[in-house]
Amino acid sequence: MRIRATITLTAACLTALATLTACGGTGSTTSGTGVDKPAAVQDPNQDNTKDEDDSNDQDVASTETATLPNLVGKGLQVAQDQAQEAGFYGLTSHDALGRARLQAFDRYWQVCSQTPKAGEHPTDARVDFATVKLDETCPAEEEGAEPVAAGSKMPDVKGKSVKPARQALDSNAGITINDASGQDRFVLVESNWQVCTQEPAAGAELDGRPVTLTAVKYGEPC
């Protein structure tokens, strides 16, 4: 009788243990010691609040404004310094005569116009200066920072600098440049040379045709 009672009691214990294990498998985790621990609950507002704060900070930074002074007529170096003092650091410049010269030494150039004009602007706005050398006169209408791409037709480049004339054509175009003075000089610094003649003529279909230009140095007659 004692043996039979022990077996009955052991079977009951196993049944109870299986029931407890099945009930404890949902909504909790079990440690290595066999003790159930409640699953971690993440605060749904914590990260969202941080993201909203970061987004607000970015909006404030992008909408910060300052007063850009009138820098026309100043030396390029001075204009750049004063623009930075006002809080503008995205500064560029270009050759107002359309010769595509680089402003390697800022102090030797002067500002003809500025974009944007003087006034209140976002501090991350790009400020571009149209410039000429100190001994040159600002043009009545400046040529712009970049030459207009030719497309499928030959542009009119007569009277323009050789450098932007080349830039307006496709990079794979075959271009020959000859000295129009008859001295057979090499055209080395193309921004110092002016186009006298062109072939094909302006408006002609290019379609891969080679281009021939003749040019002289600025100040020389064609």
Side-chain angles (χ1 to χ4, degrees), residues 70-83 90-118 126-222:
N70 182 10
L71 302 168
V72 175
K74 298 181 182 293
L76 178 57
Q77 183 65 70
V78 173
Q80 291 174 333
D81 292 343
Q82 292 184 0
L91 308 178
T92 60
S93 61
H94 67 274
D95 185 353
L97 296 179
R99 294 171 57 179
R101 295 171 296 181
L102 300 177
Q103 291 73 59
F105 299 99
D106 298 339
R107 63 177 59 88
Y108 298 143
W109 295 76
Q110 59 180 317
V111 177
C112 294
S113 65
Q114 66 184 64
T115 304
K117 297 183 181 299
R126 189 187 79 159
V127 179
D128 182 61
F129 300 110
T131 64
V132 294
K133 287 188 174 182
L134 297 179
D135 59 349
E136 296 173 340
T137 302
C138 290
E141 183 176 352
E142 63 110 353
E143 294 288 337
E146 299 291 338
V148 178
S152 62
K153 295 183 181 297
M154 180 68 188
D156 185 2
V157 296
K158 291 196 323 187
K160 298 184 180 297
S161 171
V162 171
K163 183 175 180 179
R166 180 190 292 276
Q167 292 174 341
L169 299 169
D170 288 341
S171 59
N172 61 352
I175 304 173
T176 302
I177 304 170
N178 298 320
D179 182 1
S181 72
Q183 302 179 54
D184 201 23
R185 296 170 294 183
F186 290 105
V187 181
L188 299 178
V189 184
E190 293 184 345
S191 60
N192 291 337
W193 291 72
Q194 182 179 21
V195 177
C196 293
T197 65
Q198 63 179 71
E199 178 62 36
E205 288 288 342
L206 285 173
D207 194 24
R209 294 171 60 185
V211 174
T212 301
L213 307 176
T214 64
V216 293
K217 288 186 176 181
Y218 276 93
E220 298 177 347
C222 283

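Counting begins at 1 with the first residue of the sequence.
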Going by heavy atoms in the side chains, are L97 and S161 under 4.5 Å from each other?
no
Which atom pair, heavy atoms only, marks the closest approach of G159 to Y218?
O-OH, 4.4 Å
What residues, two or more places apart in sequence or in another chain, satisfy salt bridge (Lys or Arg N to Asp or Glu O under 4.0 Å) together with K160?
E143
Measuring from T92:OG1 to Q80:CD, what's the distance to the nearest 0.5 Å?
9.5 Å
Minimum heavy-atom distance between L213 and A165, given as atom pair plus value:
CD1-CB, 4.3 Å
Give me the atom names and distance for the closest heavy-atom approach of P139 to V132.
CD-CG1, 4.1 Å
Any pair with a residue in residues 188-198 that passes side-chain hydrogen bond (donor to acceptor under 3.5 Å, both in side chains), sequence neighbours left out, goes on the list, sorted by first then second residue, please.
R99-N192, R166-E190, T197-T214
Quick one: CG on D179 to NZ on K217, what's the gap to the nearest 0.5 Å?
9.0 Å
Does Q183 have any side-chain hydrogen bond (donor to acceptor under 3.5 Å, both in side chains) partners at least two apart in sequence or in another chain, and if so, which?
S181
If you count every heavy atom of other residues, nucleotides or ligands that lies below 6.0 Å from D184 atom CG, does the total exceed 12?
no
Does the pair M154 and L169 meet the rule for a side chain to side chain contact (heavy atoms under 4.5 Å, CB included), with working shown?
CA-CA 8 Å; M154 180 68 188; L169 299 169; 4.0 Å; yes
Residue pairs, two or more places apart or on separate chains, that pass disulfide (SG to SG under 2.5 Å) and touch residues 151-222:
C196-C222
Can you tell me which residue pairs pass the side-chain hydrogen bond (donor to acceptor under 3.5 Å, both in side chains) test with a partner in residues 102-115, sequence neighbours excluded?
S93-Q103
Euclidean distance, K163 NZ relative to L102 CG, rounded to 0.5 Å
4.5 Å
Approximate separation, where rounding is to 0.5 Å, of L71 CG and L91 CG
9.5 Å
Testing D156, I177, V157 one by one against V195 for a side-chain contact (heavy atoms from CB on, under 4.5 Å), which residue passes?
V157
N/O donor-acceptor pairs under 3.5 Å from side chains in residues 203-210, not counting sequence neighbours:
unit_1	atom_1	unit_2	atom_2	d
E205	OE2	K153	NZ	2.7
R209	NH1	E205	O	3.4

Distance, nearest 0.5 Å, that separates OG1 of T131 from CZ of R101
8.0 Å
Within this structure, what is the OG1-CD distance for the pair T176 and E199, rounded to the nearest 0.5 Å?
11.5 Å
